[in-house]
Amino acid sequence: MPELPEVETIIRRLKNGAAGQPGVCHQVIQSVQITWPKIIAAPDPASFQEALTGKTIIDAQRRGKYLHFLLDEGHLVGHLRMSGDMRTETRLTPDGTPNPAGPYDRIIFNFSSPHRLVFSNIRKFGRMWYLTTPQELFKRLGPEPLDPQFTAALLIEKLRAHARQIKPLLMDQSFIAGLGNIYTDEALFRAGIHPLRKSDSLSPAEGERLHQSIQEVLRQGILRFGASLDWFYRGGEFQNDFKAYARTGHPCPICNTPIEKIVVGQRGTHFCPHCQKLV
DNA sequence: CATCAACCCTGAGAGC
DNA sequence: TGCTCTCAGGGTTGAT
């Protein structure tokens, strides 16, 4: 579920510091604890541990849904997939005893300072990489939807190049990087486009509206610090702004027609059958 | 090329 | 109360 706005919120907190925690820049990794080795995608866990020990974090960025830490040598990259979070915390509690790890903490980076960086992941779908260059991961990604280079004209051109259902296409990270199930449903609702429409059937006006609504939901999501859902990733408020997602049976905020839920591309999909017509 | 199913996982919520 | 079952979902892989 962490999509672009959630990952952006997390990386900003890590970079700038939050809740009394310092930012990660200039922190030196003293040791690495791995409690679930399958999180490490590359290299093998032992090499990962060895390579990161002693490295200094230079910067923290986001690309699509990836968390990207530039080191003094090499790059640490993380992907939270479904149910993950990254946070910093103190290594000791106020009374001086070791701060116990949480039950879902999979990778812990102990800093030389009294702090640590934690990769938590309930469902163990998340992945981390230590790479010489992150290009091998990032080269598959489509444009950043909030980048000035991502224009309406570019989106319209890209839509025409495929004859695919619009919803799975928007969620395809090689098409655009950062949209997941929530923000795709919200963007399609705001643009008044049915999730099953074929991408090459959209009019230029619809492409324009879609471009606008994609940027709108992402910007609003970031302003609201992302969406908090269920029991993972708390702290965001965008769930209060949902107009379609997770609102099955509730009245459409525009026309009062009950929101419907269908399955598209193996994903639960919410839309208003009146405002988002198939033909 | 487009679509679909399976896989990796856990906890919540429903049903009994 | 407590068990079993179903579901959710990002991305990858393989089949159709």
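Letters go in sequence order (proteins before strands), and every chain restarts at 1.
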Open item on the list: When you measure from the side chain of A:Ser174 to the backbone of A:Asp172, do you find a donor-acceptor pair of N or O atoms at a distance under 3.5 Å?
Closed with: no
Filtered N/O pairs between nucleotides 11-15 of chain C and protein, under 3.5 Å:
residue	atom	partner	partner atom	Å
C:dG11	OP1	A:His79	NE2	2.8
C:dG11	OP2	A:Lys65	NZ	3.0
C:dG11	OP2	A:Gln173	NE2	3.3
C:dG11	N7	A:Arg267	NH2	3.4

Task: Relative orientation of the end axes in the helix from B:dA2-C:dT16 to B:dC16-C:dG2, expressed as an angle to the nearest 10° (five pairs per end) - done: 50°
Task: side chain to side chain contact (heavy atoms under 4.5 Å, CB included) partners for A:Phe48, two or more places apart - done: A:Val32, A:Ile34, A:Ile40, A:Pro43, A:Leu52, A:Leu76, A:Ile107, A:Phe109, A:Met128, A:Tyr130
Could you check how far [atom1] of [X] sits from [atom2] of [N], rounded to whole Å?
| X | N | atom1 | atom2 | result |
| --- | --- | --- | --- | --- |
| A:Arg160 | B:dC1 | CZ | C1' | 19 Å |
| A:Ile176 | C:dG10 | CD1 | P | 15 Å |
| A:Asp172 | B:dT3 | CG | C1' | 13 Å |
| A:Met82 | B:dA12 | CE | P | 14 Å |
| A:Leu80 | B:dC9 | CG | C1' | 15 Å |
| A:Arg164 | B:dC4 | CZ | P | 11 Å |
| A:Gln165 | B:dA2 | CD | P | 11 Å |
| A:Trp36 | B:dC8 | CH2 | C1' | 10 Å |

Under 3.5 Å, which donor-acceptor pairs link side chains of residues 254-264 of chain A to any protein atom two or more places apart or in another chain?
none

Open item on the list: Can you work out whether A:Val264 or A:Arg127 has the more 5'-proximal nearest nucleotide on DNA chain B?
Closed with: A:Val264
If the cut-off is 4.0 Å, is [X] near the phosphate of [N], judged by side-chain N/O to OP1 or OP2?
| X | N | result |
| --- | --- | --- |
| A:Lys167 | B:dT3 | no |
| A:Lys38 | B:dC8 | no |
| A:Lys198 | B:dC1 | no |
| A:His162 | B:dC1 | no |
| A:Tyr104 | B:dG11 | yes |

Report all side-chain donor-acceptor pairs from residues 59-67 of chain A shorter than 3.5 Å, counting only partners two or more places apart or in another chain.
residue	atom	partner	partner atom	Å
A:Asp59	OD1	A:Lys15	NZ	2.6
A:Asp59	OD2	A:Gln61	NE2	3.2
A:Arg62	NE	A:Glu8	OE1	2.6
A:Arg62	NH1	A:Gly64	O	2.9
A:Arg62	NH1	A:Glu144	OE1	3.0
A:Arg62	NH2	A:Glu144	OE1	3.1
A:Arg63	NH1	A:Gly142	O	3.2
A:Arg63	NH1	A:Glu144	OE2	2.8
A:Arg63	NH2	A:Gly142	O	3.0
A:Lys65	NZ	A:Leu179	O	3.2

Task: A:Tyr183-A:Phe238 aromatic ring centre distance below 6.0 Å - done: yes
TODO: Could you name each residue pair satisfying ring pair (Phe, Tyr, Trp, His ring centres under 6.0 Å) that touches residues 158-182 of chain A, not counting sequence neighbours?
DONE: A:His162-A:Phe175
Open item on the list: Is the positively charged end of A:Arg12 above the ring of A:Phe225, judged by distance under 6.0 angstrom from the centroid and angle within 45° of the axis?
Closed with: no
Task: Residue pair A:Tyr104 / A:Asp85, side-chain heavy-atom distance below 4.5 Å - done: no
Task: Side chains of A:Asn99 and A:Arg91 in contact at under 4.5 Å (non-hydrogen atoms) - done: no
- [ ] Please work out if A:Gly268 contacts a base, only the sugar-phosphate, or nothing of the nucleic acid, heavy-atom cut-off 4.0 Å.
- [x] sugar-phosphate
- [ ] Look at the rings of A:Phe150 and A:His211 and say which category their plane angle falls in: under 30° parallel, 30 to 60° tilted, over 60° perpendicular.
- [x] tilted
